[in-house]
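In what follows, a structure is listed as structure tokens, so that the remarks can point back to it.
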Amino acid sequence: SEGGLYARSILRDSLLKLRRLGYFSNVQISTSEVPGMPDKIDINFSVEETQTGSISLSMSHSNNYGISFGAGIEEKNIFGSGNTLNANFKISESFNELGFYFMNPNFNDEEHSISFGVFKREISDDDVAQNSYEINTQGLSFGYGVPLSDSTRINSSLEYSNNEVKCSSLFAGSGYESSQCASNKNDELKADINWSNNSLNNYLYPTDGAKNSVNFGIALPPSDYKYYNLSGSHLSYRPINNTTTLKLTGDVSLARGYSNDSLPFYKRYFGGGSGSVRGFGNKTLGPLYPNGSAKGGEVSILGSANLITPAFFFDNNDKMRMSAFVDTGNIFEKTSNINLGDIRMSAGFGFAYLSPIGPIGAFISTPILKKDGDIIEEFGFSNGGTEKMSELYLVEDQADLTGGVVEEAKANLGPQGTTSAGQPIVNLSMNSDGARKWSIITGSNVGRQVAIVLDNKVHMACLLYTSDAADEGLGVDLGGRRII
């Protein structure tokens, strides 16, 4: 305080607090003499503001989803107040979202935080199969946080949501989610409590310290749903030298039902891709449905080791970082299914840039530990978090098989008793030359992906499960990821 005794440790703690806020790219401290008062000094803090939020605008078109338009803002220092404001909306044929969230981190003089949010989402899933299920959700949330020390907090939240779930005949069938699709459960009241400790020396680009957290959530008994989730995470940075930092991460999560209820299928964990195990396809790790698409699991085990350094090949690299990394982990259906022999691992290089519209990144990765049937994705983009932005595929310059060998194409539904039962498929009848080439292609590439390209666009990157040149035909499953 003004007029107090000089204390180096207190000033150091103040400096760390400013750097952890995330509002400044650079914070420096200096002292100067007070004229005419030789026993006093002025302490001066010099700060340089940084990008504290992101604005997104998007518009796209696809044959499956039609025109999609979205916009959003995420700002953790709105109008310089220190408050957080997130607002977003997205409109398309398959996914609509409208959300608003506000948090005041200094609600009173004791640095208690308060937050509230409202949201509405409409999801039409196409990952499992074409229009496999729809979920319409609307709700609101309230949160309150209390500091236990300068680096430790307890945060709590209460959220109510109403969920309307509609399933297709396939998704409500055997091997999928027949029991949950037959249920008329709608209302959910969920309480969460989180403990966190943060000793990082910087919010944007830390080089020392750690951040640990434990979270427990439960759907309270008045709800139609009865489940809980428990997770623990670790993030630490250690300087190797003046330019290189070692970053370690670990995350273990468990979610399951109680009182003889099952965990809602859309609350399961998924793995693979950015924010998980890079080098594997987005949401492709772990248990699978009969058609080969991701089912998700109750247990998630993830970890990574990263060597981070500034992007030295750029002159102005204050907001650029590159890294070499090793990712590992997997998703397991239940605790009884945990098997260390199923752990996946990958290694690669990444690049991150704090752009004027928010953080963006890219990575190139290759699997170290993998199994037959895994979907491999060696290159990808991210928006600085876990949300996937796009999928890129590396394809050959020349196609091994072109449309010139196709004699007839028919649209059908997959027959009962097969992995494509009830799903739309396209049967292509090829001439003898095409059948011979297809036999060679499938026989030498089992376990790998084959790209289906129309008008220079990859519409599918299906996994070859078997070699099949029977009756000179090819069946392509439009609802899943399998060629039959």
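- Side-chain contact between S157 and N155: absent, with no pair of heavy atoms (C-beta onward) separated by less than 4.5 Å.
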Task: Audit row: K190, E159, salt bridge (charged side-chain N to carboxylate O under 4.0 Å, His left out) steps and yes/no - done: CA-CA 5 Å; K190 188 168 184 284; E159 179 181 290; over 6 Å; no
For residues 135-143, please give each side-chain donor-acceptor pair under 3.5 Å, one per line with the distance, not counting sequence neighbours.
| from | atom 1 | to | atom 2 | distance (Å) |
| --- | --- | --- | --- | --- |
| T137 | OG1 | N163 | OD1 | 2.9 |

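- Not a single donor-acceptor pair under 3.5 Å links the side chain of T309 to the backbone N or O of T244.
- Considering only heavy atoms from C-beta on, K295 comes within 4.5 Å of E177 through its side chain.
- In this structure, S113 contributes its side chain and G145 its backbone to a donor-acceptor pair below 3.5 Å.
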Task: Residues W195, L148; criterion side-chain contact (heavy atoms from CB on, under 4.5 Å); working and verdict - done: CA-CA 10 Å; W195 172 91; L148 302 180; 4.2 Å; yes
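- Inter-residue side-chain proximity for I375 and E377 is flagged as unmet; no heavy-atom pair is nearer than 4.5 Å.
- Taking the side chain as every heavy atom from C-beta outward, Y227 and E188 approach each other to under 4.5 Å.
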TODO: Evaluate the side-chain contact (heavy atoms from CB on, under 4.5 Å) criterion for residues V165 and Q180: first the C-alpha distance (whole Å), next the side-chain angles of each, then the deciding distance (0.1 Å), finally the verdict.
DONE: CA-CA 9 Å; V165 181; Q180 292 197 36; over 6 Å; no
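- Residues F265 and Y176 keep their aromatic ring centres 6.0 Å or farther apart.
- Counting heavy atoms of neighbouring residues, nucleotides and ligands inside a 6.0 Å radius, atom NZ of K370 does not exceed 12 of them.
- Of the inter-residue distances, the one linking Y269 atom OH with S231 atom OG reads 6.0 Å to the nearest 0.5 angstrom.
- Checking each of L254, N215, I218, L263 against N229 for a side-chain contact (heavy atoms from CB on, under 4.5 Å) leaves exactly one that passes, namely N215.
- With no hydrogens or angles considered, a side-chain donor-acceptor pair links D251 and S253 at under 3.5 Å.
- In plain terms, the two heavy atoms of G350 and F325 that are nearest each other are N-CE2, 3.8 Å.
- What you find for S233 and S213 is that their closest heavy atoms are OG-OG, 2.6 Å.
- Using a 30° and 60° split on the angle between ring planes, F107 and Y144 fall in the perpendicular class, above 60°.
- Formation of a donor-acceptor pair under 3.5 Å by the D327 side chain with backbone atoms of R278 is found in this model.
- Considering NZ of K211 and NE2 of H234, their distance stands at 12.5 Å, rounded to 0.5 Å.
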Open item on the list: As a quick check of understanding, evaluate salt bridge (charged side-chain N to carboxylate O under 4.0 Å, His left out) for D342 and K371, giving each step before the final call.
Closed with: CA-CA 8 Å; D342 291 331; K371 291 193 175 183; 2.8 Å; yes
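- Contact record, G292 with L288: O-CD2, 3.6 Å, taken as the closest heavy-atom pair.
- Taking both residues in full, the closest heavy atoms of A172 and C181 are given as CB-CB, 3.8 Å, listed atom of the first, atom of the second, then distance.
- With rounding to the nearest 0.5 angstrom, the CG atom of D150 is 7.5 Å from the CD atom of E111.
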TODO: For side-chain contact (heavy atoms from CB on, under 4.5 Å), just list the numbers for L220 and L158, CA-CA rounded to whole Å, side-chain angles, deciding distance to a tenth of an Å, and then say yes or no.
DONE: CA-CA 10 Å; L220 300 175; L158 187 66; 4.2 Å; yes
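- The aromatic rings of Y258 and Y228 lie tilted to each other, with the angle between the two planes from 30° to 60°.
- Of the residues listed (I308, N306, T207), the one engaging Y237 in a side-chain contact (heavy atoms from CB on, under 4.5 Å) is I308, and it is the only one.
- To the nearest 0.5 Å, the span separating CG on N186 from OG on S223 amounts to 11.5 Å.
- If you check the side chains of D261 and S259, you find no donor sitting under 3.5 Å from an acceptor.
- Annotation: the span from I376 atom CD1 to E378 atom CD amounts to 7.5 Å, rounded to 0.5 Å.
- F332 is linked by a ring-ring contact (aromatic ring centres under 6.0 Å, His included) to nothing, counting only residues two or more places apart in sequence or in another chain.
- Contact check for N330 versus V277: no side-chain heavy atoms found under the 4.5 Å cut-off.
- Across L248 and A305, no two heavy atoms sit closer than the pair CD2-CB, 3.7 Å.
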Task: side-chain contact (heavy atoms from CB on, under 4.5 Å) evaluation trace for N241 with T243 - done: CA-CA 6 Å; N241 53 40; T243 60; 3.3 Å; yes
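- Under the 3.5 Å distance criterion, the side-chain polar atoms of T328 are left unmatched by any main-chain donor or acceptor of M345.
- No donor-acceptor pair closer than 3.5 Å links the side chain of D187 to the backbone N or O of D224.
- Between S276 and F270, the closest side-chain pair of non-hydrogen atoms is not below 4.5 Å.
- T284 and F280 get closest at one heavy-atom pair: OG1-C, 4.2 Å.
- Every residue two or more places apart in sequence or in another chain that forms a side-chain contact (heavy atoms from CB on, under 4.5 Å) with D208 is listed here: N201, R238, P239.
- With values rounded to the nearest 0.5 angstrom, R268 atom CZ is found 7.0 Å from E333 atom CD.
- Residues Y133 and Y266 keep their aromatic ring centres 6.0 Å or farther apart.
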